[in-house]
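Worth knowing before you read on, the calculation uses all heavy atoms, side chains too, and leaves out hydrogens, waters and symmetry mates.
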Amino acid sequence: MEVMQVLHMNKGDDENSYAKNSKVQSKIISLGKRINEEAIMKILCSNIPDIMGIADLGCSSGPNSLSVISEITDIIYAKCRELGRPTPELKVFLNDLPYNDFNFIFGSLPAFYDKLKKEKGSEFGPCFVSATPGSFYGRLFPSRSLHCVHSSSSLHWLSQVPAGLESNARTAMNKGKIYISKSSSLCVLEAYSLQFQKDFSSFLKSRSKEIVPGGCILLSFMGRRSTDPTTDESCYHWELLAQALMSMVSEGLVEEEKVDSFNAPYYGPCVEEMRLEIEKDGSFSVNRLETFEIDWDGGVDDVDTTSGAASRGQRVAKTIRAVVESMLESHFGKDIMDALFRRYGEMVEGYLSKTGTKYTNLVISMVRN
């Protein structure tokens, strides 16, 4: 699987699009707002640059894409007014993989600019927004060009399927599964852990060159509280998807070899794993590191009246489908997607009716040394 080509959220704004099914990610953004505000305030209190570089890595598309940037501009505007200082010019870079639906974002920019002008007046900014396609596991920006880097719901995606688990591997090491599970062998667990270490190290090295000393980095992504990578909070949503696929195998609708050769390029680390890589890199100091629990469907408070009739299982299935369908479709084909996610929704509904399992989200703010 070539992750750069097949990993993208569902495009457009139809019923299966990421734009219509990203409330969980929106909730995660809102939970990190306080930590983000604290980190940006520290930058502005020490020095307000004439030109401020801001990057959102893994911006995706839909209503969340510009929400973080809108929040950051609000913080900058409020602090500059408080200090009686003019706001800096803002260079905003929106990053995601090349096959992201950037056109959707570009189409929403006029409304974004109009909102800035209406709420903050012509004296604010100016604010220049541009797109930077590419993997954040490598360099994306010139040296010392950024003051603030943000990334939400993205760093749990790996740069590749861990070595040895690729679809062309001679021996299937994770039979009947598509991610870490309680039945996975130690070599599978180690392969995922090593890939995370490699990727997160590359991420930190790249950002250390791009961020000015004293600049901040704000990260929020799926992880786990336990050091055990097989814990339900970290991997059971993948376990249920594997079960849905295997139920289709039992009916002759999917080839078993197809399931055996698919492994998700995903990893939810624990706090200790993150700290270890940050300390090894040495370029950043941690200001805050917190964990939050998130309902699989984002919570009932986030259900609007138009979708409220859907069951929790259906809402979770739509959310997951909007994120992983591109990868599954490239491997299993388009024809099974509707049936697969219908089964998955039913399995999720049964599981959540018996347990209180939630996602764990890690939120961290760091400063460039």
Please walk me through it: do Glu349 and Gln314 pass side-chain contact (heavy atoms from CB on, under 4.5 Å)? CA-CA 8 Å; Glu349 182 72 19; Gln314 290 171 328; over 6 Å; no

I'd like to know whether His237 forms a side-chain contact (heavy atoms from CB on, under 4.5 Å) with Val316, so could you lay out the CA-CA distance, the side-chain angles of the two residues, the decisive distance to 0.1 Å, and finally the verdict. CA-CA 9 Å; His237 54 297; Val316 173; 6.0 Å; no

Could you go through the side-chain contact (heavy atoms from CB on, under 4.5 Å) check for Thr73 and Val92 one step at a time? CA-CA 10 Å; Thr73 59; Val92 176; 5.7 Å; no

Report the C-alpha separation of Cys187 and Met173 in whole Å, then their side-chain angles, then the decisive distance to 0.1 Å, and conclude whether the side-chain contact (heavy atoms from CB on, under 4.5 Å) test is met. CA-CA 8 Å; Cys187 62; Met173 296 171 61; 3.1 Å; yes

Evaluate the criterion salt bridge (Lys or Arg N to Asp or Glu O under 4.0 Å) for residue pair Asp74 and Lys120; output intermediate values, then yes/no. CA-CA 9 Å; Asp74 288 346; Lys120 298 173 177 58; 2.6 Å; yes

Give the intermediate values and the outcome of side-chain hydrogen bond (donor to acceptor under 3.5 Å, both in side chains) for residues Gln243 and Ser247. CA-CA 6 Å; Gln243 289 179 18; Ser247 73; over 6 Å; no

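Val24 approaches Asp295 most closely through the heavy-atom pair CG2-O, 4.3 Å. Between Cys59 and Ser65, the shortest heavy-atom distance links the atoms O-OG, 3.1 Å.
In this structure the side chain of Asp232 reaches within 4.5 angstrom of the side chain of Tyr351, judged on heavy atoms. Looking only at side-chain heavy atoms (C-beta outward), Ile320 and Val348 stay at 4.5 Å or farther from each other. Side chains of Cys127 and Leu116 form a contact here, defined as non-hydrogen atoms less than 4.5 Å apart. Between Leu90 and Ile69, every side-chain heavy-atom pair lies at or beyond the 4.5 Å cut-off. With a 4.5 Å cut-off on side-chain heavy atoms, Ser153 and Met222 do not count as touching. Between Glu89 and Pro126 there is a side-chain heavy-atom pair separated by less than 4.5 Å. Thr319 places none of its side-chain heavy atoms less than 4.5 Å from the side chain of Asp297.
Rounding to the nearest 0.5 Å gives a distance of 9.0 Å between CZ of Phe284 and CG of Leu219. Interatomic distance, Arg275 CZ to Leu289 CG, rounded to the nearest 0.5 Å: 5.0 Å. For the atom pair CG (Leu66) and CG (Leu109), the distance works out to 5.5 Å, reported to the nearest 0.5 Å. Note that CG of Asn36 is 4.5 Å distant from NE2 of His150, once rounded to the nearest 0.5 Å. With rounding to the nearest 0.5 Å, the separation of OG in Ser143 from NZ in Lys209 is 8.0 Å. Considering CG of Leu146 and CD1 of Ile217, their distance stands at 9.5 Å, rounded to 0.5 Å.
Here the side chain of Ser154 pairs no donor or acceptor atom with the backbone of Ser151 at under 3.5 angstrom. Looking only at distances, no side-chain donor or acceptor of Glu256 sits under 3.5 Å from a matching main-chain atom of Val249. Using modelled atom types, no side-chain atom of Ser206 and backbone atom of Phe203 make a donor-acceptor pair closer than 3.5 Å. Panel note: side chain His147, backbone Gly215; no donor-acceptor pair is recorded below 3.5 Å. With hydrogens and angles disregarded, a donor-acceptor distance shorter than 3.5 Å links the side chain of Asp260 to the backbone of Gly176. Judged by distance alone, the side chain of Asp228 and the main-chain N or O of Thr230 form a donor-acceptor pair under 3.5 Å. In terms of modelled atom types and a separation under 3.5 Å, the side chain of Ser70 and the main chain of Ser67 share no donor-acceptor contact. Asn100 places a side-chain N or O within 3.5 Å of a backbone atom of Ser60 that can act as its donor or acceptor partner. Counting only distance, with no hydrogens or angles, the side chain of Asp199 and the backbone of Ser159 share a donor-acceptor pair below 3.5 Å. Thr231 contributes no side-chain N or O that, together with a main-chain N or O of Ser234, makes up a donor-acceptor pair within less than 3.5 Å.
A salt bridge does not link Arg34 with Glu37: every distance from a Lys NZ or Arg NE/NH1/NH2 to an Asp or Glu carboxylate oxygen is 4.0 Å or more. Salt-bridge check for Lys177 with Glu239: passed, with a basic side-chain N closer than 4.0 Å to an acidic carboxylate O. Looking at Asp338 and Arg321, a side-chain N of the basic residue comes within less than 4.0 Å of a carboxylate O on the acidic one, giving a salt bridge. Salt bridge Glu346/Arg343: absent, no basic N to carboxylate O contact under 4.0 Å. Glu273 and Arg224 are joined by a salt bridge, as a carboxylate oxygen and a charged side-chain nitrogen come within less than 4.0 angstrom of each other.
Checked by atom type, the side-chain pair Ser285/Asn369 shows a donor-acceptor distance below 3.5 Å. At a cut-off of 3.5 Å, with distance as the only test, a side-chain donor of Lys205 or Ser201 sits close to an acceptor on the other residue. With 3.5 Å as the limit, one finds a donor-acceptor pair spanning the side chains of Ser261 and His331. Between Tyr236 and Thr357, the side chains place no donor N or O within less than 3.5 Å of an acceptor N or O (distance only, hydrogens not considered).
Relative ring orientation between His156 and Tyr266 is described as tilted, the plane-to-plane angle lying within the 30° to 60° band. The aromatic rings of Phe341 and Tyr344 sit perpendicular to each other, their planes meeting at more than 60°, with 30° as the lower class boundary. Taking the six-membered ring for Trp and thresholds of 30 and 60 degrees, Phe332 and Phe262 have ring planes inclined between 30 and 60 degrees apart. A tilted orientation is assigned to the rings of Phe93 and Phe141, their planes being inclined by 30° to 60°.
For Glu293, the CD atom is densely surrounded, since the number of other residues' heavy atoms within 6.0 Å is greater than 12. Sparse packing is recorded around CZ of Arg144, with 12 or fewer heavy atoms of other residues, nucleotides or ligands lying under 6.0 Å away. Counting heavy atoms of neighbouring residues, nucleotides and ligands inside a 6.0 Å radius, atom CG of Asp50 does not exceed 12 of them. Within a 6.0 Å radius of NZ in Lys117, no more than 12 heavy atoms belonging to other residues, nucleotides or ligands are found. For NZ of Lys79, the number of neighbouring non-hydrogen atoms (other residues, nucleotides, ligands) closer than 6.0 Å is greater than 12.
Just one residue in the list Phe196, Phe221, Tyr179, Phe200 forms a ring-ring contact (aromatic ring centres under 6.0 Å, His included) with Tyr267, and that residue is Phe196.
Hydrophobic clustering of Ile, Leu, Val, Met, Phe, Trp and Tyr side chains at less than 4.5 Å, counting indirect connections, keeps Leu194 apart from Ile278. Both Val161 and Leu155 are assigned to one and the same hydrophobic cluster, defined by single-linkage of ILVMFWY side chains at heavy-atom distances under 4.5 Å. In the hydrophobic cluster analysis, where Ile, Leu, Val, Met, Phe, Trp and Tyr join through side-chain heavy atoms closer than 4.5 angstrom, Ile105 is grouped together with Ile29. Criterion: ILVMFWY side-chain heavy atoms under 4.5 Å apart, direct or through other members. Under it, Leu241 and Tyr192 are part of a common hydrophobic cluster.
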Pairs of donor and acceptor atoms involving the side chains of residues 358-367, under 3.5 Å and at least two apart or interchain, shall be tabulated with distances.
unit_1	atom_1	unit_2	atom_2	d
Thr360	OG1	Glu233	OE1	2.3
Asn361	ND2	Ser220	OG	2.6
Ser365	OG	Arg288	N	3.4

